[in-house]
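Position 1 is the first residue of the sequence; numbering continues from there. Just so you know, these numbers come straight off a predicted model, no measurement behind them.
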Amino acid sequence: MDVDGSGAMSTRRRFSTSAFASKRGPTCWEGAFQCNVASSLDRVGVLGENGSGHRGCVNALSWADGGEWLISSGDDADIRIWRIDAATEFAGHVHEDGYPLKCETVINTGHTQNVFNVQQLPGSKRITSVSGDRQVRVFDIGDALGRSPTGAEATYGTRQACIRILRCHTGRTKRILTEDSPDVFLTVAEDGEVRQHDLRTFHSCNDGNCPAPLVKMPHELSTMAMSPIRPYHIVVGGESPFAHLFDRRHAGRCIQAEWGVPLDESNLSTCVRRFGRERRAPGERRGYEHITGAKMSAWNGHELLLSYSSDGVYLYSTQDDSETSNSLTSVTSSPVLRTPPLVTEANCLTGPMEEHVDVEHALDAIVSLETSEDEAGMLDEGDEDGNEEDDNLTISDYDIHKDIPTVYPRAKFTGHCNVETVKDVNFLGLRDEYVVSGSDDGNAFVWQKADGKLVDILVGDESVVNVIEGHPRLPLVAVSGIDKTIKLFAPVHGERQFSRILSKDAICRRNVSASRRPLLPDTQLLHLLRMHLEHAQDGQPGSREPSITQCVNQ
């Protein structure tokens, strides 16, 4: 059958599932990449179609148990465990529905807000989750995890599966980093703290007896990365133009914190490096810089990716000299726009407004208000004559670690758009040869790290792609975002249906334009109202697109 608008799978030949699944080790990725997998990926499966999966945006993906499970969660606060179907894994052919993953376990977490991250604790059947409700929860259903005796979904309630609830954070908790331990892991939250949790010890969060954090920053944090080769190095990023590298070997017991004395950052883990840029992007406003994603290479342990809101993805190395601006390798995949930013269609639309709304007059009013706010913002940020300010970044304006050396990027990857949500960034390939990021246009972008070449643009979502996770040993990539489904990509033979690389110039041009019109807190309400009205206009006779439910997930 041919691919249609519903995403049904084509009968074109794919690489055999069993050809890779029967191997155990990195040779699976290596063999696939010798076949130019980065330029042959196409959609081979959709998890959760027809109401059989999540009931909201999928914010969290992680491969677990050596790649046997795919763990997902999101706005419905359920954890779903998708397992490779053992009955077809070695059958010598691809399952009729694509890669043979099916959901066998569902855990009702009990979180009252969106789940942002889920991870398996190594060497155990435990899964931990973090959420907008500021809680960290740990679940354990033992040997039953991912193994339904009937083949149907096994559902576990919160009381059945949850073994610990930690309320140490006071802000929305965003990311988890696991250690080489079934008991110890790290979390980062918008309260500016990184905390280490040890399940072998107990304390009462309600009594204020939580251990002191490893890191305390004066701004919100939304992302964290750790070197698997040097696990004592932690990089954190958030509402700041700089990411910071902390060395946990310089941390000790904080007696003052245990006595209730306010924390001094000098008593916590030591900041040893800072990663930044020389200039802001054209779409950024002073004071609104935000790092949305961070990832350290598992291959060499020193390369670091940082994704900036309204800007591109930057590549750093912890081995580079500080305070020296490298000759930045520009790997922009689209021409630089020298015309004023264009107003583009919203990527993430809401349900239709009431029919009596005068759409055209309302949109005109919003454009007028947005224009007024934009002009006011430019005057506020410029000099007395209303000229635009210098885009150079001044360290002293932002950072408590003013004396820490700054490392500048080696390369920059652009062409996507990172404005609407908080997006992760990732490496891909056996030796982390590729850089991948989601985009507000619903695409997943794949760049070659060595020369910055944009090798693929994959349709991963109807609205926004937020998460891209490569399988640890198979040439299989999971993608999720605003949709309720998870898309699977793998190498295929023949014509590809979900690659847009041939239209890269037009796509990148639109994304560069959209990146220059960032969302600011004082215009968020206007933007949401604009999307409502634009969708109401689309919903009138002659509209082009069906309704898409918006999900502000991050």
Side-chain angles (χ1 to χ4, degrees), residues 15-35 37-38 40-41 44-45 47 58 60-73 79-86 89-90 98-105 117-128 145-146 175-182 185 225-229 231 293-301 303 305 424-437 444 446 449 458 460 467-480 486-491:
F15 283 86
S16 169
T17 302
S18 61
F20 297 110
S22 61
K23 300 179 182 179
R24 290 291 185 263
T27 54
C28 307
W29 268 115
E30 187 170 21
F33 272 83
Q34 289 175 353
C35 300
V37 68
S40 62
L41 292 174
V44 296
L47 306 182
V58 183
L61 293 176
S62 64
W63 294 99
D65 200 28
E68 296 297 324
W69 316 335
L70 175 63
I71 307 176
S72 63
S73 190
I79 291 176
R80 287 185 169 267
I81 300 173
W82 310 82
R83 188 179 181 86
I84 293 181
D85 191 350
E89 183 179 2
F90 300 102
Y99 266 68
L101 270 75
K102 64 179 181 180
C103 182
E104 290 191 351
T105 304
N117 203 205
V118 288
Q119 295 289 335
Q120 177 200 20
L121 297 181
S124 74
K125 301 298 184 180
R126 295 172 177 174
I127 294 175
T128 182
L145 188 59
R175 294 292 181 266
I176 304 164
L177 285 179
T178 59
E179 307 267 16
D180 188 16
S181 166
F185 61 96
M226 181 169 65
S227 168
I229 298 176
K295 183 71 174 182
M296 294 199 74
S297 172
W299 169 252
N300 54 44
E303 288 184 324
L305 292 174
D424 282 339
V425 66
N426 217 333
F427 290 100
L428 193 66
L430 173 64
R431 298 178 179 85
D432 291 343
E433 303 98 323
Y434 299 90
V435 174
V436 292
S437 173
V446 184
K449 184 180 69 176
L458 302 170
V467 186
I468 304 173
E469 288 290 335
H471 192 281
R473 54 184 175 79
L474 304 181
L476 181 63
V477 181
V479 175
S480 71
I486 302 164
K487 314 302 191 300
L488 298 177
F489 291 85

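The two residues Ile71 and Ala64 have their closest heavy-atom pair at CD1-CB, 3.6 Å. Heavy atoms only, all atoms of each residue included: Ala294 and Val425 are closest at N-CG1, 4.0 Å. Scanning both residues, Pro182 and Ser124, for their nearest heavy atoms gives CB-CB, 3.7 Å. In terms of heavy-atom proximity, Gly301 sits nearest to Ser227 at O-OG, 3.0 Å. Between Ser72 and Trp82, the shortest heavy-atom distance links the atoms OG-NE1, 2.9 Å.
Residues Thr178 and Gln120 are not in side-chain contact: their nearest non-hydrogen atoms beyond the backbone lie 4.5 Å or more apart. With contacts defined as side-chain heavy-atom distances shorter than 4.5 Å, the pair Asp432/Asn300 does not qualify. At least one side-chain heavy atom of Ile127 sits under 4.5 Å from a side-chain heavy atom of Ile79. Contact of the Leu47 side chain with the Leu70 side chain is registered, since non-hydrogen atoms from C-beta on lie closer than 4.5 Å. Annotation: side chain of Leu476 is in contact with side chain of Trp63 (closest heavy-atom distance under 4.5 Å). No side-chain heavy atom of Cys103 sits less than 4.5 Å from a side-chain heavy atom of Ile81. Residues Asn426 and Leu305 form no side-chain contact, since every pair of their non-hydrogen atoms from C-beta on lies 4.5 Å or further apart. Counting only heavy atoms from C-beta outward, the side chains of Glu433 and Trp299 never approach each other to under 4.5 Å.
Ser40 contributes no side-chain N or O that, together with a main-chain N or O of Pro491, makes up a donor-acceptor pair within less than 3.5 Å. Side-chain N or O atoms of Ser62 include one that pairs as donor or acceptor with a backbone N or O of Val118 at under 3.5 Å.
Residues satisfying the salt bridge (charged side-chain N to carboxylate O under 4.0 Å, His left out) criterion with Lys295, sequence neighbours excluded, are absent altogether. For Pro231, the side-chain contact (heavy atoms from CB on, under 4.5 Å) partners two or more places apart in sequence, or in a different chain, are Met226, Arg248.
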Residue pair Val479, Leu458: steps toward the side chain to side chain contact (heavy atoms under 4.5 Å, CB included) verdict: CA-CA 10 Å; Val479 175; Leu458 302 170; over 6 Å; no
Ile468 vs Asp424, side chain to side chain contact (heavy atoms under 4.5 Å, CB included): CA-CA, chis, key distance, verdict: CA-CA 8 Å; Ile468 304 173; Asp424 282 339; over 6 Å; no
Test log, rule side chain to side chain contact (heavy atoms under 4.5 Å, CB included), inputs Thr105 and Trp69: CA-CA 10 Å; Thr105 304; Trp69 316 335; over 6 Å; no
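Note: Lys449 NZ to Leu428 CG = 11.5 Å, rounded to the nearest 0.5 Å. Atoms CD1 and CE, from Ile229 and Met296 in turn, are 9.0 Å apart once rounded to the nearest 0.5 Å. The distance from atom CG of Leu488 to atom NE2 of His471, rounded to the nearest 0.5 Å, is 10.0 Å. The CZ atom of Arg175 lies 9.5 Å from the CD atom of Gln119; values are rounded to the nearest 0.5 Å. With values rounded to the nearest 0.5 angstrom, Ile176 atom CD1 is found 7.0 Å from Phe185 atom CZ.
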